[in-house]
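Note sheet for the following structure.
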Amino acid sequence: MEVVVGKLAGFCFGVNHAVEEANKLLDNENGIYCLGEIVHNKQVVEKLENKGMKTVNSLEEIPDGSTVIFRAHGEAESVYKKAEGKNLKVIDLTCGKVKAIHIKVQRNKEDSFILIVGKKSHPEVIGIKGFAGENSFVIESQDDILDAYMEYEKTNLGKVFVVSQTTFSSSKFDDIREEIETNFCEAEVVVDKTICDATENRQLETRQLAKEIHNMVVIGGKNSSNTKELVNVAKEYTDSVYPVETVDDLKEIKFNNISKIAIMAGASTPKESIEDVKIYLEKI
Ligand code: F3S
């Protein structure tokens, strides 16, 4: 089978930086904790855990005075304070693009109601909301806009500042933005589309490849939101989309009458996984 690998498939620079730094750290230090999975990819997490990293779900699980990694998604302001209270050494690997959103919402929260377009349960969104403070609301879909407006009305702020989760779907954001502007017509609405260009460009390439090649394998963790988004984007153009976590998942799929296939991969998929899938498909 002819295999075309997307140029933008795999680690974005934020994830790459976090994994590289964690690796370097683990070469020199023992007993390093990571708050949450460092990336939404089982294989990458396992590799680092084999080098001694301990993944925990809360700071309470970490002994006082230890070293803790904050991953690329970032954390809420309160988590930094809590870490300080426990005398933890924080290795802050929050992606620069997420940090920039934290700074923007902090700057605007004094005179604006903050709307965060993103998935409510996503760690990055929880972190941004933490910096945005009380006068903020997360909008996951158009259905949330009325509730957001009711919350906004309780404040006496005349301005609304809109940001987005970095890995949110660009087209969905545009639809939501339009409805925000209609529903908040009495307010001064400032929109800052903070979707990361690494995400937007990867979605663009996925769209292009799905359109041209019609068959696509999308590699990424089951809980990776940017990978799920790539699957959705590809499905707009073809039904022949195969989401997999590793090459092993491919072994159950029958590829009948397919002579050419494209590979895309989410921002937390390592190049080894992409290479394994490529080699496997080329042999079919
Ligand atoms: Fe950063 Fe964009 Fe990746 S925000 S973590 S470079 S998807």
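In listed order, ligands and their atoms are each counted from 1. These numbers were taken from a predicted model, which means no experiment stands behind them.
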Legend entry - Thr194 side chain to Ser164 backbone, donor-acceptor under 3.5 Å: yes
Legend entry - Per-atom contacts of ligand 1 with Thr199, taking only distances under 4.0 Å to non-hydrogen atoms: 7 (S)
Legend entry - Close-contact set for ligand 1 against Lys97 heavy atoms, below 4.0 Å: 4 (S)
Inset, instruction - Do me a favour and list the nearest non-hydrogen protein atom to atom 3 (Fe) of ligand 1 with residue, atom name and distance? - result: Cys12 SG, 2.2 Å
Legend entry - Phe184 and Phe113 aromatic centres sub-6.0 Å: no
Legend entry - Option whose closest heavy atom lies nearest to atom 2 (Fe) of ligand 1, chosen from Cys196, Gly14, Ser268, Ala18: Cys196
Inset, instruction - Using 2.8 Å as a strict upper limit, say whether an N, O or S atom of Cys95 approaches atom 3 (Fe) of ligand 1 that closely. - result: no
Legend entry - Glu60 bridged to Lys86 by N-O distance under 4.0 Å: no
Legend entry - Pair Thr246, Gln43: side-chain N/O donor-acceptor within cut-off below 3.5 Å: no
Inset, instruction - Decide, yes or no, whether a salt bridge links Lys24 with Glu21 under the criterion of side-chain N to carboxylate O below 4.0 Å. - result: yes
Inset, instruction - Any atoms of ligand 1 less than 4.0 Å from a non-hydrogen atom of Thr166? List them with their elements. - result: 4 (S)
